[in-house]
Protein chains: 2
Amino acid sequence: MISRQAKYALRALIALARIKPGSAAQTSDIASGEKIPKKFLEQILLRLKNQGMVQSRRGNRGGYALLKPASEITFAQVLRTIDGPIAPLPCLSIIAYARCEDCKDEHTCEIRKVFARVIEPTRQVLERTTIADAVAGRAINIEALPVTKQMA
Amino acid sequence: MISRQAKYALRALIALARIKPGSAAQTSDIASGEKIPKKFLEQILLRLKNQGMVQSRRGNRGGYALLKPASEITFAQVLRTIDGPIAPLPCLSIIAYARCEDCKDEHTCEIRKVFARVIEPTRQVLERTTIADAVAGRAINIEALPVTKQMA
DNA sequence: ATAATCTCTACCTATATTATAGAATTAGTC
DNA sequence: GACTAATTCTATAATATAGGTAGAGATTAT
């Protein structure tokens, strides 16, 4: 399960992608429009800002706007920013690899092999699907994805 | 990330699948062999027993053994027993479906659509891979999986 | 009997999740 | 310049989850 926070982040980014380019949306508007607790959303937007996904303007008539084009913000980036690694095992994580302390041999670990097969298509989808895709209502078709070889 | 408990459960089941049929393995042996805290493993085996995956004998020379053939215990079953739903969103769960309270319309939710694509191949692998596969060292090849249509 | 083992319940600690509160800062507007 | 509306930042809190420990009780083989 992804966290509620991650879901909120995706919804907020989608909302920001929908506003007129050049304009900004205020936290309150997004919060009420998406039914997200306002002060909670503030923190989420702040994290997205620190990651360089959105920009903000303070003060009267301030608000948030996307910093990068929606087509360059992937679901994977958002999930990694909010929830951390996408991988089901530490030893399969790209952004936070860690050896399983209790694993005898990573290369022969059968559990790892199974989850390597699991995470592969997941990454394919999450890294190729962007906020723009979500806004446009075109989720990537899994059948169109090239099949890649097993990870090393 | 799957929980450590789930990883322990999988390893314990694999260990049980390796012992001589008809015999039993004791918690202590599995615990030391797999580097799992013994009392923690006890609880895990108990849960697996209550789910009908393993059987136990108490008292002197007691222990655990698989109740079902290893080829009939899937990774998905184990994960669901220990960690709960496999789905990334409540609204995509088979075993614990729940509407997202803050979702306007489930059928047009773009986030849901994306994660529906994500969970599909994951389920394919986890529901087809068994403890026997892991023991035999043959993880299912993702390329061999039939591609299915999008979920409704 | 007794020793070994599973069974069951309770407990504990640390961390993550999901928020809420409020003061500080900034920027537009009158 | 004062006012107001907004973000920024930090702190706090309630709740849940994860990971593990403890120990009494039940059961079985010897």
Side-chain angles (χ1 to χ4, degrees), chain A residues 1-9 11-12 16 19 23-32 34-51 53-65 67 79-85 88-90 96 100-102, chain B residues 1-12 16 23-32 34-67 79 81-85 88-90 96 98 100-102:
Chain A
M1 291 273 180
I2 69 170
S3 71
R4 203 171 284 222
Q5 212 168 144
K7 203 170 34 168
Y8 290 164
R11 288 227 304 266
L16 287 178
I19 63 175
S23 67
Q26 292 171 355
T27 312
S28 333
D29 297 335
I30 302 175
S32 61
E34 303 289 336
K35 292 199 239 175
I36 303 172
K38 189 192 162 199
K39 297 294 274 180
F40 195 27
L41 179 59
E42 277 182 17
Q43 293 182 53
I44 296 169
L45 287 170
L46 206 47
R47 295 181 69 178
L48 296 177
K49 188 198 165 192
N50 293 335
Q51 282 296 317
M53 293 183 196
V54 305
Q55 58 189 142
S56 66
R57 247 188 31 183
R58 329 224 289 196
N60 197 355
R61 298 189 43 76
Y64 286 91
L67 185 53
L79 288 182
R80 289 199 176 107
T81 296
I82 304 294
D83 281 354
L89 293 172
C100 298
E101 327 84 46
D102 51 357
Chain B
M1 291 272 178
I2 68 170
S3 72
R4 203 172 285 222
Q5 212 169 145
K7 203 168 37 167
Y8 290 164
L10 289 168
R11 288 227 304 267
L16 287 177
S23 67
Q26 292 169 356
T27 311
S28 331
D29 297 335
I30 302 174
S32 60
E34 303 289 336
K35 294 198 237 174
I36 303 171
K38 189 191 162 199
K39 295 296 274 182
F40 197 28
L41 178 58
E42 278 183 14
Q43 293 181 53
I44 296 168
L45 286 170
L46 206 49
R47 294 180 69 178
L48 295 177
K49 188 198 165 192
N50 293 334
Q51 282 297 317
M53 293 184 196
V54 305
Q55 59 189 141
S56 66
R57 248 191 27 185
R58 330 219 292 194
N60 197 355
R61 297 187 45 74
Y64 286 91
L66 292 187
L67 184 54
L79 288 182
T81 297
I82 304 294
D83 282 353
L89 293 173
C100 299
E101 325 85 45
D102 50 359

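Please read these numbers as outputs of a predicted model, since none were measured by experiment.
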Protein-nucleotide distance ([X], atom [atom1]; [N], atom [atom2]), rounded to Å:
X	N	atom1	atom2	value
B:Phe40	D:dT17	CZ	P	15 Å
B:Leu45	C:dT5	CG	C1'	13 Å
B:Asp83	D:dG19	CG	P	8 Å
B:Arg58	D:dG25	CZ	P	13 Å
B:Met1	D:dG19	CE	P	11 Å
B:Glu42	C:dT9	CD	P	14 Å
A:Leu46	C:dT20	CG	C1'	16 Å
B:Lys38	C:dT5	NZ	C1'	8 Å

State whether [X] places a side-chain N or O below 4.0 Å from either non-bridging phosphate oxygen (OP1 or OP2) of [N].
X	N	value
B:Ser3	D:dT17	no
A:Lys49	D:dT8	yes
B:Arg4	D:dG20	yes
B:Gln26	C:dT5	yes
B:Arg61	D:dT30	yes

DNA chain C: 5'-proximal contact among B:Asn50 and A:Arg57 (nearest heavy atom): B:Asn50

Residue met sooner reading DNA chain C from 5', once B:Asn60 and A:Tyr8 are mapped to nucleotides: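 Nearer the 5' end of the strand: B:Asn60.
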
Residue met sooner reading DNA chain D from 5', once B:Ile82 and B:Gly59 are mapped to nucleotides: B:Ile82

Pairing of B:Arg11 and A:Asp102 as salt bridge, 4.0 angstrom limit: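 Salt bridge: yes.
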
Heavy-atom donor-acceptor pair, B:Gln43 side-chain to D:dT21 base, under 3.5 Å: yes

Polar pair under 3.5 Å, donor/acceptor by atom type, side chain B:Lys39, base D:dG19: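 It does not, because no donor-acceptor pair links the side chain of B:Lys39 to the base of D:dG19 below 3.5 Å.
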
Closest nucleotide among C:dT7, C:dT25, D:dG19 to the B:Gln5 side chain: D:dG19

Working for side chain to side chain contact (heavy atoms under 4.5 Å, CB included), residues B:Glu42 and B:Lys38: CA-CA 6 Å; B:Glu42 278 183 14; B:Lys38 189 191 162 199; 3.9 Å; yes

pair A:Leu48-A:Ile82: side-chain heavy atoms closer than 4.5 Å: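 A side-chain contact under 4.5 Å exists here.
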
Distance (rounded to the nearest 0.5 Å) between B:Leu10 CG and B:Glu34 CD: 11.0 Å

Flag, side chain of B:Asp83 to backbone of B:Ile2, donor-acceptor distance under 3.5 Å: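 Side chain of B:Asp83 to backbone of B:Ile2: no pair is present.
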
Sugar-phosphate only, base, or nothing, as touched by A:Thr27 at under 4.0 Å among non-hydrogen atoms: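 A:Thr27: backbone/sugar contact only, no base atoms under 4.0 Å.
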
